[in-house]
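Encoded as structure tokens, the structure appears first; notes follow it.
Convention: sequence-line order gives letters A, B, ...; per-chain numbering from 1.
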2 protein chains.
Amino acid sequence: MIRILLADDQALVRGALAALLDLETDIEVVAQVGRGDEVLAAARSSQAEVCLLDIEMPGLTGLEVAEQLRAELPAVRSLIVTTFGRPGYVRRALDAGAAGFLVKDTPARELAAAVRRVHAGLRVIDPDLATESLMSGPSPLTARESEILQLAIDGSPVAVIAQRASLSVGTVRNHLSAAIGKTGATTRAEAAQLARANGWI
Amino acid sequence: MIRILLADDQALVRGALAALLDLETDIEVVAQVGRGDEVLAAARSSQAEVCLLDIEMPGLTGLEVAEQLRAELPAVRSLIVTTFGRPGYVRRALDAGAAGFLVKDTPARELAAAVRRVHAGLRVIDPDLATESLMSGPSPLTARESEILQLAIDGSPVAVIAQRASLSVGTVRNHLSAAIGKTGATTRAEAAQLARANGWI
DNA sequence: CGCCGGCCGTGACAGGTGTCATGGCCAGGA
DNA sequence: TCCTGGCCATGACACCTGTCACGGCCGGCG
């Protein structure tokens, strides 16, 4: 019997996934949580063997949770299941110690198989995404550039970004200009979108 | 037996919802589609009685599908189930003839009950969202302003927006300026975000 | 040590953006 | 009929942005 924990912020999806996995005779859903920062405690008390993690969650992201689990409960295996198949996410998930990466476009009947493979110690990576991840390569942005770009995704004027980052407006513009150049964009909005689409921020 | 059709672009979620609803003895999932523009045909051939529609779908949005169903298959009832609980969505869904509106935060066990109520001819509206919808009121934007604002959400420069809308740059700036004023924003990016958060675009 | 590259800042310039005043066109209501 | 309000457009103005050149600080590496 494979003991599994579900982490997804949407209760309906979480419950539906539980129903789907409970159809399998060799899988048992032993815990469900809706926030990233509740996963660790729940995994510990429920003695889960596999954690199915969404990335976008309040509290902690699934990627951060995977890292936490590797450090605190190395025997537990993490399977990232997320809406957005961004190339950079795969790399970051693997770096964080995740054993698998699926997008929610995956046919439902493949989920149980993926869980079994992860439980058996194998890696499960969405094949399309794996190649795309290798193609796009690592982020060309420096840490600071990523940070500034993240503050620019909502279209705030430079003055606001500078204040939030405690920098001068000139420096912010320089970082943004560098990011725009590196991403091949012509606007900071475009650069932010490209960076997000690639999972760089 | 309630015959139900599922429309959601994420195969995993779709399959999981199917598993969840199949647990109910009085509900039968008779069709599943991943695109908005496939719903009508599938609803016809499967003789579905209730359509569970996500809003964000390729082809047609769930709101547009609800409108289509009301026109073509008035006996079929639409239940919108979506990720984003934006106030304006509720109003638009009801205007489009939907019989219910749920967010994916809803507890899983309430879904079947909602389906039954909709099938019985009752309206089902997320209570929090219903009040919020009444609070926020209708969109203050004119049709043209909404359209231009929609083209501005990705941060494109005015010149690009003007080209896409076949307008002069000056007109686009006027529309954007009006939208910024009406939404109480100070930037077109902020205005676009506000409009989207309220479901106006 | 010298060199490199990331980081922070300034200053200046061209071009994009937000605001306003003004005007014309057209459909709907008083 | 006149008047209102939405839509389209122009022009002018102040301000913001993106780019470039330049300089200084610091940590890592040959």
Side-chain angles (χ1 to χ4, degrees), chain A residues 88 91-92 95 136-201, chain B residues 88 91-92 95 136-201:
Chain A
R91 181 182 307 267
R92 285 164 63 187
D95 287 347
S136 77
S139 172
L141 304 174
T142 69
R144 208 56 167 159
E145 284 158 5
S146 303
E147 189 186 334
I148 301 300
L149 208 51
Q150 212 163 10
L151 293 172
I153 51 173
D154 59 358
S156 304
V158 176
V160 176
I161 300 174
Q163 199 175 10
R164 282 209 264 261
S166 301
L167 290 176
S168 91
V169 286
T171 303
V172 170
R173 290 201 302 198
N174 285 342
H175 283 312
L176 288 176
S177 186
I180 290 170
K182 286 179 178 177
T183 55
T186 57
T187 309
R188 67 164 180 272
E190 194 185 343
Q193 281 196 328
L194 279 169
R196 209 176 46 172
N198 282 298
W200 292 336
I201 56 175
Chain B
R91 180 181 308 267
R92 285 163 64 188
D95 287 348
S136 77
S139 172
L141 304 175
T142 69
R144 210 57 168 155
E145 285 159 4
S146 303
E147 187 186 335
I148 301 299
L149 208 50
Q150 213 164 11
L151 293 173
I153 51 173
D154 60 356
S156 304
V158 175
V160 177
I161 301 174
Q163 198 175 8
R164 281 209 264 262
S166 302
L167 291 176
S168 89
V169 286
T171 303
V172 170
R173 292 202 300 197
N174 285 341
H175 283 310
L176 288 176
S177 187
I180 290 170
K182 287 178 179 178
T183 55
T186 57
T187 309
R188 69 164 179 270
E190 194 185 345
Q193 280 195 327
L194 279 168
R196 207 177 44 172
N198 283 298
W200 293 335
I201 55 175

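Once rounded to the nearest 0.5 Å, the distance linking CD of B/E145 with CG of B/N174 reads 10.0 Å. Separation of atoms OG (B/S156) and CZ (B/R164) is listed at 4.5 Å; rounding is to 0.5 Å. Put simply, CZ on B/R173 and CD1 on B/I180 are 11.5 Å apart, with the number rounded to the nearest 0.5 Å.
With sequence neighbours excluded, the residues satisfying salt bridge (charged side-chain N to carboxylate O under 4.0 Å, His left out) with B/E147 are B/R144.
In this structure, A/R144 atom CZ and C/dG9 atom C1' are separated by 13 Å, rounded to whole Å. Rounded to a whole Å, the CG atom of A/L141 is 10 Å from the P atom of C/dC7.
In the model, A/T186 has a side-chain atom that pairs as donor or acceptor with a side-chain atom of A/E190 under 3.5 Å.
For the segment residues 182-201 of chain A, the set of residues with a heavy atom within less than 4.0 Å of an atom of DNA chain C is empty. For residues 148-179 of chain B, proximity to DNA chain C is found at B/P157, B/V158, B/R173, B/N174, B/S177, defined as any non-hydrogen atom under 4.0 angstrom from a strand atom.
Using a 4.5 Å heavy-atom threshold, the side chains of A/I148 and A/T171 count as separate.
Using modelled atom types, no side-chain atom of B/R188 and backbone atom of B/S177 make a donor-acceptor pair closer than 3.5 Å. Listed for the A/S139 side chain is a donor-acceptor partner under 3.5 Å among the backbone atoms of A/L141.
Using a 4.0 Å cut-off, some side-chain N or O of A/T142 falls inside it from OP1 or OP2 of C/dC7.
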